[in-house]
Structure formats: structure tokens, C-alpha cells
Amino acid sequence: MGKTALVLSGGGAKGAFQFMAEKYAREGKGYKWDIIAGVSVGALNGTMLAMEKYQRLEEVWKTISNDKVFTGKMNFWAGIRLIFGAKSVYSNKPLRRMIDKEIDPDEVKKDLRIGVVSLQTGGYMIFRPKDPGFKKAVLASTAIPIIWAPVEISPTQKDMVDGGVRNISPLGDVLDDDPDEVVIINCDPSDPPKRKKPFKNVLDIGKHSLEIALNEIVVTDVREFIRINKNVEEAAEKGVTLHNENGKPYKHYEYKIIEPDEPLDDSLDFSREATERSMEAGWKKAKKVLG
């Protein structure tokens, strides 16, 4: 078997779908990952997978709850705090403690890269386990703007946030390594997220607006990947080699995309009921896609 890459998107609590889809791929179909790339919850799942802490990752998802991830609520006092300079609605101290406890960069056994975005420069940065501040980078990759405060990784890397702001599905992070097969696990359907319930407050509106924008990013990235991949295949059949702007030949990739057929629960809903629904959907969709 050739080199296989796993690409994990963001999605907050919907990462339960991702966890179970990967579990089916690995345990049910025998996939072994040579490269793992993730942003947001994909950075968390990806790091645990790269450490081969499979059982512990399952325990985390099967016992997760809101209070193990964040504290606070959107109410009058939260609004007052924002007016007077607070950088977020919620606190992610419980998540920070979980990351400190569970993640050890020295235990990473796979080629891993996670993505974060600098609010100061707008730039997208890739962190690897050997990079200084890797644990903080994992936390930063989960820091959805306004929901959680930006993270200072180092004095020169301040105000770092969720990598999904620029790169919700970090597909490009693995292609330069020329994998033979790419498995992409997204936490949302390709269609724009729909809203059936009335909006509760301005945070609700902002969060849904961000989800629509992020959905467009991932759909565009995947659509472009598929388009180029098809062009490369058709050109090769005619004996033609296509090159990128740097003169490097394009490669044809085998790929699988696993994503929900229907929208999952809210990205901040870490309740047992919601995560169980997402896990069931992840297992079923992976089985449908991979056989």
C-alpha cells in the first residue's frame, strides 16, 4: 500500500462524526495513516490519532460534555463583558486543561501538521510536533473567533485562532508530500448549512454566518482539487503531463471524501445525545463510502 494522507476539517462538537468515520476506516478497512493534517477539532482528533491514542480518543468522545470543553453562557452579563473589552463569550479553560493532559508532542508517531491563523497578519501557519509551542498551537487551532479568545503561542505569534478561518479542510497541507491516496473527513455536508430554528441572539447569528462562510471555503477547496485531479487523469490518458505554476508535474490522487448527508447538531452542542447522533452518522457514512 502506498502513502496515505488523512485530512480532518473543523466543526467543533461535530468532530464526533469525524472520530467515528476515522475509526471505521482504520479498524473496518485497515487504513494506516502516513500523513495527518487537521484544523480546529480536526487538530485535536488528528493529534490524538498521530499519537496512536485510539482508545483514549474514544473515551474522550464517549464521555464529552459542554462543561469539559468550555464554561460561560451568552446572556446579559456576557454582552456587558464584550462591551467593556472581553475577547470572547466563553472560556475554554476546560479544553486547555484537556490538551495539557492528553497531548505530548514527543509521543507523536505520524507525520502530523495542524493549521492556525494569525488575526494580526491574516496568515495561515502550519505547526508540527517539534515546533516550539505546539500544544498552544493545538489550542489556538480550536479557538473559534468571538466564541473563544485568541491564543498567544509566542511573543511573535499573538492572536492566533482557528485554522478553519482560512483553511477549513487542510487539503493543501498534505498534497505537497505526494500521497498516493487522500481520505478527507469533513464535519458538514457540501450544501450550505440550513437554519430551521429562530436565531436566539447576535452570537447565534454570527456563528451561523461563520459556518456559511467556512462551508464555502471547504466546498471551493474540494471542488478545485477534484477538478484538477480529473484534468490530470484525462491529460495522462492522452500522454500529456500538466504542471503547476512552479513547474512541478501535477499528480493524480486516489481520494475518498466522507461527510454527513444532512447537517449535524450545533458545533457547540457537546451533549451525549448530539455526539451519539454524530458518531452514528460518521460510522454509517464511512461504511457507505469505503464499503
Side-chain angles (χ1 to χ4, degrees), residues 2-12 15 18-19 21-23 25-26 31-61 64 69 92-118 121 123-144 148 150-185 187:
K3 186 189 297 184
T4 306
L6 176 65
V7 176
L8 301 172
S9 77
Q18 193 176 80
F19 149 70
E22 187 281 334
K23 177 181 169 70
R26 179 171 38 80
Y31 274 86
K32 296 181 181 179
W33 315 116
D34 299 291
I35 309 168
I36 300 175
V39 294
S40 195
V41 72
L44 283 171
N45 281 335
T47 302
M48 294 290 280
L49 293 170
M51 294 169 62
E52 298 182 355
K53 294 179 70 171
Y54 307 126
Q55 184 60 41
R56 180 57 187 146
L57 181 59
E58 183 162 350
E59 291 170 0
V60 168
W61 277 112
I64 200 77
V69 179
N92 59 357
K93 286 183 180 179
L95 179 60
R96 183 191 297 266
R97 289 194 294 268
M98 183 190 298
I99 290 172
D100 285 341
K101 177 184 176 182
E102 302 291 348
I103 291 177
D104 183 347
D106 293 332
E107 292 184 14
V108 172
K109 300 170 184 173
K110 308 288 186 182
D111 183 353
L112 171 69
R113 62 284 309 264
I114 63 169
V116 300
V117 168
S118 167
T121 67
Y124 178 81
M125 299 178 62
I126 296 174
F127 279 80
R128 299 172 185 263
K130 298 300 181 184
D131 292 333
F134 178 77
K135 276 191 179 184
K136 291 182 178 179
V138 174
L139 180 66
S141 190
T142 69
I144 305 170
W148 291 311
V151 176
E152 179 177 329
I153 297 176
S154 73
T156 58
Q157 296 166 329
K158 299 180 179 181
D159 296 324
M160 310 299 281
V161 298
D162 189 343
V165 170
R166 283 286 304 272
N167 209 20
I168 187 67
S169 184
L171 186 52
D173 296 353
V174 305
L175 296 185
D176 287 343
D177 284 52
D178 292 329
D180 297 290
E181 183 173 6
V182 181
V183 176
I184 305 163
I185 307 180
C187 295

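Residue indices begin at 1 and follow the sequence shown.
By the 4.5 Å heavy-atom criterion applied to side chains, F134 and T47 are counted as neighbours. At a threshold of 4.5 Å between non-hydrogen side-chain atoms, the residues P105 and K135 count as touching. Side-chain contact between F127 and Q157: present, with at least one pair of heavy atoms (C-beta onward) separated by less than 4.5 Å. For the pair L175/V182, a side-chain contact is recorded, criterion being any heavy-atom separation below 4.5 Å from C-beta on. Looking at heavy atoms from C-beta onward, K110 lies out of side-chain contact with L49 at the 4.5 angstrom threshold. You'll find the side chain of R128 reaches within 4.5 Å of the side chain of D131, heavy atoms only. In this structure, F19 and I64 have side chains that are not in contact, with every pair of non-hydrogen atoms separated by 4.5 Å or more. The closest side-chain heavy-atom distance from L44 to V138 is below 4.5 Å.
Judged by distance alone, the side chain of T4 and the main-chain N or O of E181 form no donor-acceptor pair under 3.5 Å. Formation of a donor-acceptor pair under 3.5 Å by the S141 side chain with backbone atoms of G115 is found in this model.
Rounding to the nearest 0.5 Å gives a distance of 10.5 Å between CD1 of I184 and CG of L8. Distance CD/E107 to NZ/K109: 7.0 Å, rounded to 0.5 Å. Atom CH2 in W148 sits 9.5 Å away from atom CG in L139 (nearest 0.5 Å). Expressed to the nearest 0.5 Å, how far OG1 of T142 lies from CE of M98 amounts to 10.5 Å. Distance CG/D111 to CG/L6: 12.0 Å, rounded to 0.5 Å. Once rounded to the nearest 0.5 Å, the distance linking CD of E102 with CE of M51 reads 8.0 Å.
Shortest non-hydrogen contact noted between A43 and I114 is CB-CG2, 3.8 Å. Closest of all the heavy-atom pairs between G10 and S40 is CA-CB, 3.5 Å. Contact record, I153 with A137: CD1-CA, 3.7 Å, taken as the closest heavy-atom pair. Taking all atoms of both residues into account, the shortest heavy-atom contact from G42 to Q18 is CA-OE1, 3.4 Å. Of all non-hydrogen atoms in A37 and V174, the two that sit nearest each other are CB-CG1, 3.5 Å. Residue A21 comes nearest to I185 through the heavy atom pair CB-CG2, 4.0 Å, listed as atom of the first residue, atom of the second, then distance.
With respect to K32 and D34, no salt bridge is recorded, no charged nitrogen being found less than 4.0 Å from a carboxylate O. Between D177 and R113, at least one side-chain N (NZ, or NE/NH1/NH2) sits under 4.0 Å from a carboxylate O, which counts as a salt bridge.
Atom NZ of K23 has more than 12 neighbouring heavy atoms from other residues, nucleotides or ligands inside a 6.0 Å radius.
Qualifying salt bridge (charged side-chain N to carboxylate O under 4.0 Å, His left out) partners for D178, counting only residues two or more places apart in sequence or in other chains: K248. Legend: residues meeting side-chain hydrogen bond (donor to acceptor under 3.5 Å, both in side chains) with R26, ordered by chain and number and at least two apart, are E22.
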